[in-house]
*Asks:* 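After the structure tokens below, expect a handful of questions from me.
Computed from a predicted structure; not experimentally measured. Atom set for the values below is all heavy atoms of this structure, side chains included, hydrogens, waters and symmetry mates excluded. The first residue in the sequence is number 1, and the count goes up from there.
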Amino acid sequence: MEIPVTLLLTKAGPQENGGGSGFGILTELAMDYYFVANGYNTSYKYFDRYCSGAGGTYRLNNAEWAAAANYARGAMSQSYMNGTAFSYNGSTYYSTQVSFYGAGGDLRYAYGTATVTFDSSGEPVGMQDTYDFNAGSRSALNELVTGIGGFAGGNGNSFEIKSGLILVK
């Protein structure tokens, strides 16, 4: 796959994103190339937002939500009912952690462990994740990938990813 030159020219420099050393910027560009070359467009979009320092909240569009909901539905089966139950407008919902580390395709590297809300029939109706490269309890390989992402992102700014109904504690 050929990468458009404009992709590489739109990256923020060390003064703009706090990336620091030239090595960090090269690592960031290498990650961008890897994401795009492998069709991980959602990962590229999130990583670029992180590196730009935009922060804030990103709302999933319909296609992004459909892909995340489809993965969450398959990943949880009936275990969604082990989550935190809550009521909203007379209906029962379950808020539970879903690991996206096994996701493939465009979802690969887009999310870590997200909080997904399911309705009582097991249908995902909302999601919340923080894109932040935090240390956590994950496999050694996923921890390594997270560490590389954090290094490549320099002093990037974390942000929230949200869609649909979520439990606010």
Side-chain angles (χ1 to χ4, degrees), residues 7 10 17 28 31-32 34-150 152-153 155-169:
L7 169 74
T10 60
N17 76 354
E28 178 184 340
M31 286 190 67
D32 284 345
Y34 177 77
F35 288 154
V36 174
N38 288 288
Y40 307 148
N41 297 322
T42 301
S43 299
Y44 169 73
K45 181 182 349 183
Y46 294 165
F47 186 67
D48 194 50
R49 181 184 179 109
Y50 177 85
C51 293
S52 76
T57 299
Y58 179 85
R59 304 270 178 205
L60 297 178
N61 64 38
N62 289 340
E64 292 165 338
W65 166 242
N70 187 51
Y71 179 81
R73 186 182 306 108
M76 293 307 291
S77 185
Q78 292 298 313
S79 61
Y80 70 90
M81 291 170 39
N82 294 332
T84 301
F86 68 98
S87 291
Y88 178 74
N89 284 344
S91 296
T92 300
Y93 297 93
Y94 300 90
S95 178
T96 191
Q97 299 291 299
V98 176
S99 172
F100 281 81
Y101 289 109
D106 190 41
L107 293 180
R108 189 170 176 93
Y109 306 119
Y111 310 108
T113 299
T115 302
V116 179
T117 303
F118 294 85
D119 67 14
S120 59
S121 68
E123 187 64 25
V125 296
M127 183 175 116
Q128 177 176 351
D129 193 19
T130 302
Y131 194 92
D132 61 0
F133 296 104
N134 64 323
S137 58
R138 48 180 80 88
S139 72
L141 176 60
N142 287 327
E143 194 65 34
L144 176 64
V145 170
T146 301
I148 291 170
N155 295 327
N157 195 9
S158 64
F159 61 95
E160 295 296 313
I161 300 169
K162 295 182 180 183
S163 183
L165 181 66
I166 55 173
L167 175 62
V168 178
K169 296 181 182 181

*Asks:* Does a donor on one side chain sit under 3.5 Å from an acceptor on the other, for Ser121 and Asp119?
*Replies:* yes
*Asks:* Taking atom CD of Gln97 and atom OG1 of Thr113, what is their separation to the nearest 0.5 Å?
*Replies:* 6.5 Å
*Asks:* List the atom of Arg73, the atom of Gly122, and the distance in Å for their closest heavy-atom pair.
*Replies:* CG-O, 4.4 Å
*Asks:* With a 4.5 Å cut-off on side-chain heavy atoms, are Phe47 and Tyr131 touching?
*Replies:* yes
*Asks:* I need the Ser163 OG to Asn62 CG distance, nearest 0.5 Å.
*Replies:* 8.0 Å
*Asks:* Would the Tyr46 and Tyr111 ring centres measure less than 6.0 Å apart?
*Replies:* yes
*Asks:* Kindly compute the distance separating CG (Asp106) from NZ (Lys45), expressed to the nearest 0.5 Å.
*Replies:* 8.0 Å
*Asks:* Heavy-atom distance under 4.5 Å between the side chains of Thr42 and Tyr44, does that happen here?
*Replies:* no
*Asks:* Would you check if the distance from the ring center of Tyr71 to the ring center of Phe100 is below 6.0 Å?
*Replies:* yes
*Asks:* On a heavy-atom basis, which atom in Ala67 and which in Leu107 lie closest, and how many Å separate them?
*Replies:* O-CD1, 3.5 Å
*Asks:* Is there side-chain contact between Tyr58 and Lys162, with at least one heavy-atom pair below 4.5 Å?
*Replies:* no
*Asks:* Which atoms form the tightest heavy-atom contact between Thr96 and Met76, and what is the distance?
*Replies:* CG2-CE, 3.9 Å
*Asks:* So Phe118 and Glu123, do their side chains get closer than 4.5 Å, heavy atoms only?
*Replies:* no
*Asks:* For a quick test of reading the model, state the closest non-hydrogen atom pair linking Tyr88 to Tyr93 and the distance between them.
*Replies:* O-CE1, 3.7 Å
*Asks:* Do Tyr94 and Asn82 come close enough that some side-chain heavy atom pair is under 4.5 Å?
*Replies:* no
*Asks:* Strictly by modelled atom types, are Glu160 and Thr130 linked by a side-chain donor-acceptor pair under 3.5 Å?
*Replies:* yes
*Asks:* Short question: side chain of Ser43, backbone of Ala110 - any donor-acceptor pair under 3.5 Å?
*Replies:* yes
*Asks:* Can you tell me if CG on Asn61 sees more than 12 non-hydrogen neighbours from other groups inside 6.0 Å?
*Replies:* yes
*Asks:* Short question: side chain of Thr117, backbone of Leu165 - any donor-acceptor pair under 3.5 Å?
*Replies:* yes
*Asks:* Taking all non-hydrogen atoms of both residues into account, name the closest pair between Ala54 and Asn157 and its distance.
*Replies:* C-ND2, 4.3 Å
*Asks:* Do Ile161 and Leu60 have side chains that get closer than 4.5 Å, going by heavy atoms?
*Replies:* yes
*Asks:* Identify the two heavy atoms, one from Pro124 and one from Val116, that lie closest to each other, and give their separation to 0.1 Å.
*Replies:* CB-CG1, 4.1 Å
